[in-house]
Every structure is written in structure tokens, then in C-alpha cells.
*Asks:* 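One structure follows; several queries about it will come next.
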Amino acid sequence: KAKAEGGARTTFFEAAMGEAVEQRFRVERELRQAIAQGDLRCHLQSQVRADGQLVGAEALVRWAHPERGLVPPAVFVPIAEMSDLVVALDRWMLAQVCQLLVRLDRQGLALRLSVNISPRHFQRSDFVDSVRLQLADSGADPARLVLEVTEGMVMGDLAEAVRKMTELSALGLHFSMDDFGTGYSSLAYLKRLPISELKIDKSFVQDATSNPQDAALVDTILAVARQLHLQVVAEGVETPEQAAFLDQRGEVARQGYLYGRPEPMDAWLARVAPTAPASLQA
Ligand code: C2E
Ligand code: MG
Ligand code: MG
Ligand code: MG
């Protein structure tokens, strides 16, 4: 039964991603409603240090669709990104993350939370002010917040990207370059951006143990990070072999199914802070 439902879901969204414009608008309309009705969910996936110590988590959006179940972002974020809907989505997620930061802080847990920022959101002229406002409204400690950006979004107008990131960095928050190595990165650009972390894309991490070229790419990214004094998070670590590969390379933080899948915020919170009062989410 689950398989049949999954199949139906795939067809619906695949159609939406294809040529059919009405389908796209239908998903857009449903998604707009979903955001308004509170049908988005904030899931969290732990990030750990090389020694297994929990350092924080990445927030990942899900859509709790009344008929189609929990829909993964790959099938609706691209549609959201075609309009300002993604801005509403990102802001909702940032609000969840800020609230959770406040709660973690009250528990005395010095964990950091990462949240994805879409290019469309980042490129808005009110991006800096709106993040600043969300931080102020929530009372979250900016020093515990990491904004994940991608290579493409900062390349367009580099000076403008540097300006925005510098302004927000001054509040204490951090920037992380997501999916590093898959975009059009230039090392010269990387040097100019006020980022503090690179996330090695899971495609390199996962193939590093079987393909010497991917292993060499991971080593190159680690060397760049060392030179530029950037932290590193390896994405998509699934097997002990992949973990061992990273262990041989010193202090590399990780995120992946081996350490934990994305899970609902309440479940994650109950695990990392068993004494915290329950229910953050509707
Ligand atoms: P991302 O930011 O690169 O997130 C990492 C993705 O890798 C997540 O997929 C996560 O579930 C998956 N992952 C983590 N560990 C493993 C592993 O060991 N193996 C495999 N195969 N996958 C792993 P997810 O949650 O489906 O998200 C996909 C993408 O959707 C994200 O990629 C991000 O680009 C986007 N996204 C998610 N949430 C948001 C959001 O709130 N706002 C925006 N703008 N984009 C989001
Ligand atoms: Mg990310
Ligand atoms: Mg990523
Ligand atoms: Mg990715």
C-alpha cells in the first residue's frame, strides 16, 4: 500500500516538474495553503564531530500533505523556488530554528543549528533586515545559527553577496557553503566570502571509498579548507568505510544516515534534551 501511495505521489509531482504549467501552479497553490495552514514540518539531522560528539543539526523542510504523506523537499522546493513562495518557506524554517535555539539555550545545550537559504531569498534586497528581525523577535543567539548558502547564489553579484554576508556575520552568525564542489566555485571568490564552513557534497563523500578521483577531490577540498581556515562538514556519510576514510583525514565533522536520519524536531529534541518540555511544533 505504501508503495502504491509513493507511486501516486511521484507521478503527481513529476508531472508538476514537467511541462505542464497548470500542474506547477496547482502545487504552488497547494504549497501556499500548506504554509498558511501549518502543514510544513521542520526535521532535524544531527551533525557530529569526528569523535562522535554531537555539535548540532541541519534543519530540513518536509511537507505533511493530507493525502500524499510526508513529501520530501526535492519535489517541492524547486517549485517553491520559481516564486517568492520559497521566501515564505525559508522564513518559516528560520523561525522554527530560532525558536529551537532558544529552547536549547534554556537547556544549557551549546548546539548550533543550520538552515538552508534559497538563492531567491538571499538575493532579495530585504534579506539582511529580515534575518536580523527574525533573530531579534525570537531572541535566538546568532552565534548558534548557521545559514547554508550555495555557490551559485553568491557568484552573481559577488560584491553584494560579500556585503550581505559581512553584515550578518557582524551579528555573530555563520555562513556555510552547501554542496561544495558541485557548483561553479572559484577559489578566488571563496577567499573573499565571509564563510566559516564548507560542506563537502555527498556525491564526493560517498564515492571517495571506491573512486580514487573522488578521494582526491575530498582531499583537495580539505586542503582548501585548511588554507582558508574553514571548518568542514562531510555530507551523506552512510557507511563505516566512509567514516573511516574521513577519520584518516583528521578533524572532519559529519552528517549522514550513519549518525542519524532527519527526524521530526520534537523527536530530535527529546533525544538530545530529554528533560526539555515537549512539543515545539503543531
Ligand atoms: P541539502 O541542504 O544538501 O541537505 C542534505 C540532504 O542530504 C538532505 O536531503 C538529507 O536528508 C540528505 N542526506 C543526509 N544524510 C544522507 C545520507 O547519508 N545519505 C543520503 N543519500 N542522503 C542524506 P533532503 O532533506 O531531502 O533535502 C534535500 C535538499 O532540499 C537540501 O539539500 C536543500 O537543498 C533543500 N532543502 C531542504 N530544506 C530546505 C529549506 O528549508 N529551505 C530551502 N531553501 N531548501 C531546503
Ligand atoms: Mg543544506
Ligand atoms: Mg548539502
Ligand atoms: Mg544537497
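First listed ligand is number 1; within each ligand, the first listed atom is number 1. Nothing fancy with the numbering, it's 1 onward along the sequence. Just so you know, these numbers use all the heavy atoms, side chains as well, and skip hydrogens, waters and symmetry mates.
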*Asks:* Any Lys/Arg nitrogen of Arg163 or Glu160 sitting under 4.0 Å from an Asp/Glu carboxylate oxygen of the other?
*Replies:*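 A salt bridge is present here (some side-chain N lies under 4.0 Å from a carboxylate O).
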*Asks:* Go through ligand 1 atom by atom and flag the ones less than 4.0 Å from a non-hydrogen atom of Pro73.
*Replies:*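 Listed by number with element: 24 (P), 25 (O), 26 (O), 27 (O), 28 (C), 30 (O), 37 (C).
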*Asks:* Between Lys199 and ligand 1, which residue portion shows a heavy-atom distance shorter than 4.0 Å: side chain, backbone, both, or neither?
*Replies:*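 The answer is neither; Lys199 stays 4.0 Å or more away.
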*Asks:* Closer than 4.0 Å to some heavy atom of Val237 - which atoms of ligand 1 meet that?
*Replies:*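 In order of numbering, the contacting atoms are 18 (O).
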*Asks:* Closer than 4.0 angstrom, basic N to acidic O: yes or no for Arg41 and Glu263?
*Replies:*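 Salt bridge: no.
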*Asks:* Heavy-atom count around Gln231 CD within 6.0 Å, excluding the residue itself: above 12?
*Replies:*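 Result for CD/Gln231: open.
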*Asks:* Charged N to carboxylate O below 4.0 Å: is that the case for Asp247 and Arg254?
*Replies:*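 So Asp247 pairs with Arg254 through a salt bridge.
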*Asks:* Taking N or O atoms only and a 3.5 Å limit, does Ala74 qualify as a polar contact for ligand 1?
*Replies:*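 In fact, backbone or side chain, Ala74 has no N or O that close.
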*Asks:* I'd like to check which ligand 1 atoms, numbered from 1 as shown, lie under 4.0 Å from a non-hydrogen atom of Ser118.
*Replies:*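 In order of numbering, the contacting atoms are 44 (N).
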*Asks:* For Val102, which fellow cluster members are found when Ile, Leu, Val, Met, Phe, Trp and Tyr are connected by side-chain heavy-atom distances below 4.5 angstrom, either directly or through intermediates?
*Replies:*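 None; Val102 is a cluster of one.
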*Asks:* Backbone, side chain, both or neither: what part of Asp90 comes under 4.0 angstrom of ligand 1, heavy atoms only?
*Replies:*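 Answer for Asp90: side chain.
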*Asks:* Looking from the Mg ion (ligand 3), what is the angle between OD1 on Asp179 and OE2 on Glu235, to the nearest 10°?
*Replies:*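 Result: 130°, to 10°.
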*Asks:* Tell me, please: is Pro72 in heavy-atom contact with ligand 1, that is, under 4.0 Å?
*Replies:*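 It does not, in that no heavy atom of Pro72 comes within the 4.0 Å cut-off of ligand 1.
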*Asks:* Within ligand 1, which atoms have a heavy atom of Lys202 less than 4.0 Å away?
*Replies:*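 Answer for ligand 1: 6 (C), 7 (O), 12 (C), 20 (C), 22 (N).
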*Asks:* Tell me the nearest of Asn116, Leu89, Asp178 to atom 46 (C) of ligand 1, using heavy-atom distances.
*Replies:*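 Going through Asn116, Leu89, Asp178 one by one, Asn116 has the nearest heavy atom to atom 46 (C) of ligand 1.
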*Asks:* Please classify the Glu235 to ligand 1 contact at 4.0 Å (heavy-atom distances, strictly less than): side chain, backbone, both or neither.
*Replies:*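 The answer is the side chain.
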*Asks:* Grouping I, L, V, M, F, W and Y whenever their side-chain heavy atoms are under 4.5 Å apart, do Val77 and Leu60 come out in a common cluster?
*Replies:*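 Not linked; separate clusters.
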*Asks:* At less than 4.0 angstrom from any non-hydrogen atom of Met93, what atoms of ligand 1 do you find?
*Replies:*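 This gives 41 (O) as the contact atoms.
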*Asks:* Under 4.0 Å from ligand 1, counting heavy atoms only, is it the side chain of Arg261, its backbone, both or neither?
*Replies:*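 The answer is neither.
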*Asks:* Should the pair Asp179-Lys202 be classified as a salt bridge under the 4.0 Å nitrogen-to-oxygen rule?
*Replies:*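 The answer is no: the pair does not qualify as a salt bridge.
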*Asks:* Is Asp201 close enough that one of its N/O/S atoms sits under 2.8 Å from the Mg ion (ligand 3)?
*Replies:*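 No, Asp201 does not qualify, because none of its backbone or side-chain N, O or S atoms lies under 2.8 Å.
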*Asks:* May I ask you to list the atoms of ligand 1 that are less than 4.0 angstrom from any heavy atom of Asp179?
*Replies:*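 The list of qualifying atoms is 3 (O).
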*Asks:* Would you say the side-chain atoms of Gln242 and Gln206 include a donor-acceptor pair closer than 3.5 Å?
*Replies:*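 No.
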*Asks:* Aromatic rings Phe127 and Phe122: how do their planes relate, parallel, tilted or perpendicular, breaks at 30° and 60°?
*Replies:*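 Ring orientation, 0 to 90° scale: tilted.
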*Asks:* Flag the pair Glu197 and Arg112 as a salt bridge only when some basic side-chain nitrogen lies within less than 4.0 angstrom of an acidic carboxylate oxygen.
*Replies:*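 Salt bridge: yes.
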*Asks:* Run the numbers for me: atoms of ligand 1, each under 4.0 Å from some heavy atom of Gln206, listed by number.
*Replies:*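 Selected atoms, number and element: 19 (N), 20 (C), 21 (N).
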*Asks:* Quick one: which of Thr150, Val86, Leu60, Leu94 has a heavy atom closest to atom 31 (C) of ligand 1?
*Replies:*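 Checking each option, the heavy atom nearest atom 31 (C) of ligand 1 is found in Leu60.
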*Asks:* Given OE2 of Glu58 on one side and OD2 of Asp178 on the other, what angle do they make at the Mg ion (ligand 2), to 10°?
*Replies:*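 OE2 of Glu58 and OD2 of Asp178 make an angle of 180° at the Mg ion (ligand 2), to the nearest 10°.
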*Asks:* At the Mg ion (ligand 2), what's the angle from Glu148 OE1 to Asn116 OD1, rounded to 10 degrees?
*Replies:*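 Rounded to 10°, it measures 90°.
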*Asks:* Go through ligand 1 atom by atom and flag the ones less than 4.0 Å from a non-hydrogen atom of Pro262.
*Replies:*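 Near Pro262, meaning under 4.0 Å from one of its heavy atoms, ligand 1 has 11 (O).
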*Asks:* Once side-chain hydrogen bond (donor to acceptor under 3.5 Å, both in side chains) is applied, what residue pairs with a partner in residues 210-228 remain, sequence neighbours excluded?
*Replies:*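 The answer is Asn211-Asp214, Asp219-Arg249.
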*Asks:* Hey, is His121 one of the residues with a heavy atom under 4.0 angstrom from ligand 1?
*Replies:*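 It does not, in that no heavy atom of His121 comes within the 4.0 Å cut-off of ligand 1.
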*Asks:* Salt bridge between Glu167 and Arg132, side-chain N to carboxylate O under 4.0 Å?
*Replies:*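 Answer for the salt bridge query: yes.
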*Asks:* Judged by modelled atom types alone, do Gln255 and Glu58 share a side-chain donor-acceptor pair under 3.5 Å?
*Replies:*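 Indeed, the side chains of Gln255 and Glu58 share at least one donor-acceptor pair under 3.5 Å.
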*Asks:* Between Glu58 and ligand 1, which residue portion shows a heavy-atom distance shorter than 4.0 Å: side chain, backbone, both, or neither?
*Replies:*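 The part of Glu58 near ligand 1 is the side chain, not the backbone.
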